[in-house]
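What follows is a single structure, written as C-alpha cells, with notes after it.
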Amino acid sequence: MYDLHVHTTASDGTLTPEEVLLEANRIGLNGLAITDHDTVDGLQAAKDLIHEKGIEIAFIPGIEMNSELDEEEIHILGYFIDDQNKAMESRLQEIVTLRKSRAEAMVEKLKVAGLDLSFELVQRYAGGALVGRPHIARAMIHQGYVNTVSEAFRLYLGKGRPGYVPRYKFLPNEAIELIKNAGGVLVLAHPGLIKSQENVLRVIKMGMEGIEVYYPKHSTKEIKNYLALATEKKLLITGGSDFHGPGSSEDRNALGSAGIGEDNLQRLMEYHALK
Ligand code: AMP
Ligand code: ZN
Ligand code: FE
Ligand code: FE
C-alpha cells in the first residue's frame, strides 16, 4: 500500500517528517508521499533520513496547494515536485509571510473578543512553519479558553466567528502553474469534498493529470464514480489518508487508511518518468 497524502509538522501535522517515515515503516507501508499544505519544507529532512538510515520505503516528494474557485476550497496535489525550484520557493515564502500577518490579525480579533492569546505560543505550536488556524486552536486549548480544536473552530475560528480572518486567495490556475513549473504531476485532491461537481470538472479541464480516488471520506459510490471519471478523462488514479498525526485538528484518519496499490503507483511513476 502506498499512502500518497500525508501531512507533517512542516504544515499542520503533529508528527515530524522523520516520525512519519518511521511510523510508515513500522506499519509496513510500501511507500508514501509527504504532501504538506503550501510548503515543501519537510521534504529534505525526509530524504535525508531515508538516505542516512537506509529505510526501505518508496518516497514521493509532494505538496498540497490550497486554492479557491468561486468561494470553494480546491486542493491540488503535486507529486515528484522539485523542492529547490526558485519560482515556487519565492511564492511559498510570500505565503508564509501572508499567513503570519493573518494569524496576528486573528490574535488581535480574539483579543477584542476577550481572549488574551499569546502570539508567541501560537508560533511555538506552528513550530516555525506555516501558521494556521489549527495552531491558534492549540494555543487556545493550552491557555484554557476551549477544550478541543473543534470547539475552537465552532466558537471562534470558523468562518463568520469572532476570530476569523480569511486566508490569502490562491486561484487553481496559479497553483497549477507553480506545480507544473516545479516539475510536479498535478492531481486533484479529495474531489468528494468539493460541493460543486461542476467545479470538479472545471478544475480537471485546467490541466489535472490525476485524481485522488481513494480517500477515507469517499463513499464506495464516490470511489466508483471517480474511477469511471478517471477512465473517461484519462487521469492517473491516486489515493491517500490525509493523515495529520495524533492530536491534530479534526479526528483524522490513520496513516495508511487509504492509498493505492502497486499497479497505480507504477502508472504514476511511468507517467512521471516519461514527462
Ligand atoms: P487555515 O488554513 O489556517 O485556514 O486552517 C485550515 C485548517 O483548519 C484545515 O486544513 C483543517 O485542518 C482545519 N479545520 C478547518 N475547519 C475545522 C473544523 N471545523 N474543526 C477542526 N479543524 C478544522
Ligand atoms: Zn491540514
Ligand atoms: Fe486537502
Ligand atoms: Fe491534506
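When reading the values below, keep in mind they use all heavy atoms of this one structure, side chains included, and skip hydrogens, waters and symmetry mates. One-based numbering, in listed order, for ligands and for the atoms of each.
Ion pairing between R202 and E198 fails under the 4.0 Å rule for side-chain N and carboxylate O. A salt bridge links E94 with R91: at least one charged nitrogen is closer than 4.0 Å to a carboxylate oxygen.
Between the Fe ion (ligand 4) and the N, O or S atoms of H7, the shortest distance is to NE2. The N, O or S atom of D242 with the smallest distance to the Fe ion (ligand 4) is OD1. Shortest distance from the Fe ion (ligand 3) to E64 is reached at OE2 (N/O/S atoms only).
When only modelled atom types and interatomic distance are considered, S241 and D3 share a side-chain donor-acceptor pair under 3.5 Å. Using a 3.5 Å distance cut-off with no hydrogens or angles, the side chains of Y215 and E222 do not pair a donor with an acceptor. With hydrogens and angles left out, the side-chain atoms of H218 and H190 include no donor and acceptor closer than 3.5 Å. Between H7 and D242, the side chains place a donor N or O and an acceptor N or O closer than 3.5 Å (distance only, hydrogens not considered). H75 and E212 share no side-chain donor-acceptor pair at under 3.5 Å.
Among the atoms of H7, none of the N, O or S atoms falls under 2.8 Å from the Zn ion (ligand 2). At least one N/O/S atom of H75, from backbone or side chain, sits under 2.8 Å from the Fe ion (ligand 3). Taking backbone and side chain together, H5 holds an N, O or S atom under 2.8 Å from the Fe ion (ligand 4). One of the N, O or S atoms belonging to D12 lies under 2.8 Å away from the Zn ion (ligand 2). In summary, no N, O or S atom of H244 is located under 2.8 Å from the Fe ion (ligand 4).
For H37 atom NE2 and H244 atom NE2, the angle they make at the Zn ion (ligand 2) is roughly 120°, to 10 degrees.
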